[in-house]
Amino acid sequence: MAEVEEICADLIRFDTTNPGGREREAAEYVAALLSDMGLDPKIIEAEPGRSNVVARVAGTDPSAPALLVQGHLDTVPAQAADWSRHPLSGDIADGHVWGRGAVDMKNAVAMTLSAFGAALAEGRRPRRDIVLAFVADEETGGRLGAGHLVAEHADLFEGCRAAIGEVGGFNVPTPSGPPLFAVSVADKGLRWYEVRAKGVAGHGSMIAQDNPIPRLAETTLRVLSAERPYTVTEPMRVLASRVAGRPLTSPAEIADVLATRTGPFGRMFAAGVQGTVNVTRLGAGYKENVIPGEAWARFDCRFVPGHEDELHEHLTSGLDENTEVSLLRRSPPVLSDHEGEWFGLLTRALREVSPGCDVAPFVFSGGTDNKWFRTLGMETYGFTPMLFPAGYDYPAMFHGVDERCPVEALRFGAGVMDELISL
């Protein structure tokens with residue numbers, strides 16, 4: 001079995017850009033590695049080329065509940081002209097593996113393959129059955145990947161009571177002492193809206209009768225500038241307290257600690273304690289001398305579990321009769337136990353490789369394929385374990401230019417995954 005960084009580099013060199021629909025070659029590469037381990041991988045497609053790979057590793061204890069380890073093979077697009085190294089190069093240089101997918105999330109796929117390859121080559125089997133699933137289409141919602149597997153092939157996950165995937169298991173900056181690792185126990189929910197303002201079309205040289213553009217602009221500014229209340233869940237209170245080194249209860253203080261004392265993770269953690277509303281697209285008109293009859297804006301809104309109605313009310317209240325709101329897409333939140341057996345197993349795996357470390361839960365600001373596997377009754381966690389050096393801006397790597405992952409972080413993660421196999 002190749003080193004973990006070499007597997008990651010190989011995976012990056014497959015163009016699995018989504019939209020694009022080209023996961024097949026990467027899936028065949030993964031399936032070949034799994035076959036070399038003595039496993040029986042299945043390649044399953046919802047559409048030609050949109051390939052998912054699933055394999056089960058038999059455990060030694062039939063009474064132990066099974067665990068799903070899942071990750072996606074697709075990536076978002078990348079503009080090569082913007083990068084210092086080609087995004088499909090898979091270069092291993094300056095202590096990093098470079099390329100699109102290096103942190104989202106071909107790194108996790110590589111760490112999993114490396115860990116299982118090493119364990120099985122040494123004749124070590126996991127205590128429990130472990131299902132490995134490497135899926136397509138996560139970056140556009142997962143309908144052809146995890147969604148298809150859950151809907152049409154749920155039998156492959158028989159006995160699985162928990163699942164791990166992205167994003168979590170990374171160390172949060174601390175001033176001193178042992179590392180503090182944050183494991184995601186929740187994804188925020190998603191609601192995408194279109195707000196469409198109707199007006200009166202006319203000639204651009206005349207006094208406008210009812211131009212919808214400024215009215216839409218006023219609506220957008222009102223929605224974005226309105227104060228958003230803090231919605232602090234217990235996982236975020238625990239994380240903030242660990243960062244502060246003392247118990248915290250004030251929502252404002254929790255939000256401040258998460259935003260200002262977690263280094264590059266501040267923006268992500270701060271979004272975990274309140275709903276977010278961002279305008280992402282705008283459109284109106286077709287010619288410079290024509291006042292348009294309508295204008296539209298699209299909003300990406302995320303809500304903390306348990307606070308969906310509040311966010312919907314925030315976006316839709318106060319609109320006039322000539323403004324329409326439509327829901328384009330909804331994805332549910334997920335929330336799992338941060339005090340039970342599964343979180344304890346993840347903590348133990350981290351402490352085997354990083355003795356004395358602390359581990360805390362958090363609410364991830366985005367969404368993952370966990371939403372699909374949750375429908376099968378699994379507890380779901382973001383667990384891509386990595387120990388990062390000081391100054392490495394992990395959140396900036398997601399969908400960013402010059403995406404790259406430290407080689408030592410990959411090796412650390414493979415080691416943690418190896419420990420998890422036996423637990």
Please determine whether salt bridge (charged side-chain N to carboxylate O under 4.0 Å, His left out) holds for the pair Asp129 and Arg56, giving the CA-CA distance in whole Å, both sets of side-chain angles, and the decisive distance to 0.1 Å. CA-CA 7 Å; Asp129 279 14; Arg56 181 178 285 259; 3.0 Å; yes

Above 12 or not: heavy atoms from other molecules or residues under 6.0 Å from CD of Gln79? no

Is the side chain of Asp15 donor-acceptor paired with the backbone N or O of Arg22 at a distance under 3.5 Å, no angle test? no

Do the charged groups of Arg246 and Glu253 touch, with an N to O distance under 4.0 Å? yes

Ion pair present between Glu403 and Arg100, side-chain N to carboxylate O less than 4.0 angstrom? yes

Glu310 atom CD, over 12 foreign heavy atoms within 6.0 Å: yes

Side-chain heavy atoms of Leu149 within contact of Ile44, under 4.5 Å: yes

Does the side chain of Asp94 reach to within under 4.5 Å of the side chain of Arg404, using non-hydrogen atoms? no

Heavy atoms of Leu73 and Ala26 approach each other most closely as CD1-C, 4.5 Å

Atom CG in Asn322, atom NZ in Lys198: separation rounded to 0.5 Å? 9.5 Å

Evaluate Val150 against Leu376 for side chain to side chain contact (heavy atoms under 4.5 Å, CB included), listing each step before the verdict. CA-CA 7 Å; Val150 165; Leu376 297 180; 3.9 Å; yes

Would you please test Phe134 and Thr112 for side chain to side chain contact (heavy atoms under 4.5 Å, CB included) and show each step? CA-CA 10 Å; Phe134 306 103; Thr112 301; 4.0 Å; yes

Of all the heavy-atom pairs spanning Ala31 and Ile43, show the shortest one and how long it is. CB-CD1, 4.0 Å

Within the 4.5 Å heavy-atom criterion, are Glu166 and Glu138 side-chain neighbours or not? yes

Can you tell me if Asp82 has over 12 outside heavy atoms packed within less than 6.0 Å of its CG? yes

Tell me the ring pair (Phe, Tyr, Trp, His ring centres under 6.0 Å) pairs involving residues 308-347, sequence neighbours left out? Tyr193-His312

Output for pair (Leu350 CG, Arg348 CZ), nearest 0.5 Å, gives 12.0 Å

side-chain contact (heavy atoms from CB on, under 4.5 Å) filter on Ser35, not counting sequence neighbours, yields Pro41

Is the closest side-chain donor-acceptor distance between Asn52 and Glu23 under 3.5 Å? no

Kindly determine whether Leu335 and Thr233 satisfy side chain to side chain contact (heavy atoms under 4.5 Å, CB included), including the steps that lead there. CA-CA 10 Å; Leu335 176 62; Thr233 56; 5.7 Å; no

Applying side-chain hydrogen bond (donor to acceptor under 3.5 Å, both in side chains), run through Thr280 and Asn278 and close with a yes or a no. CA-CA 6 Å; Thr280 55; Asn278 285 302; over 6 Å; no

For Arg128 and Gly59, indicate whether the former's side chain and the latter's backbone hold a donor-acceptor pair under 3.5 Å. no

Out of curiosity, Glu45 CD to Leu144 CG, how far, rounded to the nearest 0.5 Å? 10.5 Å

Between Thr260 and Asp256 the two heavy atoms that sit nearest each other are OG1-O, 2.7 Å

Could you report the tightest heavy-atom contact between Cys357 and Pro178, atom names first, then the distance? CA-CB, 4.0 Å

Using the ring pair (Phe, Tyr, Trp, His ring centres under 6.0 Å) rule, collect all pairs that involve residues 70-112, keeping only residues at least two apart or in two chains. none

Evaluate the side chain to side chain contact (heavy atoms under 4.5 Å, CB included) criterion for residues Asp137 and Arg143: first the C-alpha distance (whole Å), next the side-chain angles of each, then the deciding distance (0.1 Å), finally the verdict. CA-CA 7 Å; Asp137 195 38; Arg143 182 179 61 86; 4.1 Å; yes

Is the number of heavy atoms from other residues, nucleotides or ligands under 6.0 Å of Glu28 CD greater than 12? yes

Please find the pair of heavy atoms, one from Ser365 and one from Met268, that lie closest to each other, and give the distance. OG-CG, 3.5 Å

In Å, rounded to the nearest 0.5 Å, how long is the span from OG1 of Thr75 to CG of Asp104? 8.0 Å

Can you confirm whether more than 12 heavy atoms, excluding those of Arg330, are under 6.0 Å from its CZ atom? yes

For a 4.5 angstrom cut-off between non-hydrogen side-chain atoms, does Asp300 reach Arg302? yes

Counterpart residues, ring-ring contact (aromatic ring centres under 6.0 Å, His included), relative to Phe14 (two or more places apart): Tyr29

Taking the side chain as every heavy atom from C-beta outward, state whether His307 and Pro229 have any pair of such atoms under 4.5 Å apart. no

Would you call Met417 and Leu113 a side-chain contact if the rule is heavy atoms closer than 4.5 Å? no

Would you check if the side chain of Ser336 reaches a backbone N or O of Thr380 as a donor-acceptor pair within less than 3.5 Å? yes

Non-hydrogen atoms of Glu419 and Ser422 that approach each other most closely: O-OG, 3.0 Å

Contact check, side chains of Pro173 and Pro264, non-hydrogen atoms, under 4.5 Å: yes

Have a look at Thr16 and tell me which of Lys106, Arg24, Glu139 forms a side-chain hydrogen bond (donor to acceptor under 3.5 Å, both in side chains) with it. Lys106

CG/Leu33 to CE/Met37 distance, rounded to the nearest 0.5 angstrom? 5.5 Å

Evaluate the salt bridge (charged side-chain N to carboxylate O under 4.0 Å, His left out) criterion for residues Asp74 and Arg50: first the C-alpha distance (whole Å), next the side-chain angles of each, then the deciding distance (0.1 Å), finally the verdict. CA-CA 9 Å; Asp74 62 319; Arg50 309 310 305 272; 5.2 Å; no

Mind running salt bridge (charged side-chain N to carboxylate O under 4.0 Å, His left out) on Glu408 and Arg411 for me, showing each step along the way? CA-CA 5 Å; Glu408 290 303 318; Arg411 294 175 179 173; 3.1 Å; yes

Quick one: pull up CG in Asp369 and CZ in Arg374 and give me the separation to the nearest 0.5 Å. 15.0 Å

For the residue pair Ile130 and Phe116, establish whether any side-chain heavy-atom pair is separated by less than 4.5 Å. yes

Taking NZ, NE, NH1 and NH2 as the nitrogens, is one of them in Arg237 or Glu234 under 4.0 Å from a carboxylate oxygen of the other? yes

Which residues share a ring-ring contact (aromatic ring centres under 6.0 Å, His included) with Phe157, sequence neighbours left out: Phe373

Please report whether the ring centroid of Phe388 lies less than 6.0 Å from that of Phe170. no

Restricting to pairs with a member in residues 398-423, which pass ring pair (Phe, Tyr, Trp, His ring centres under 6.0 Å), not counting sequence neighbours? Phe181-Phe412, Tyr394-Phe398

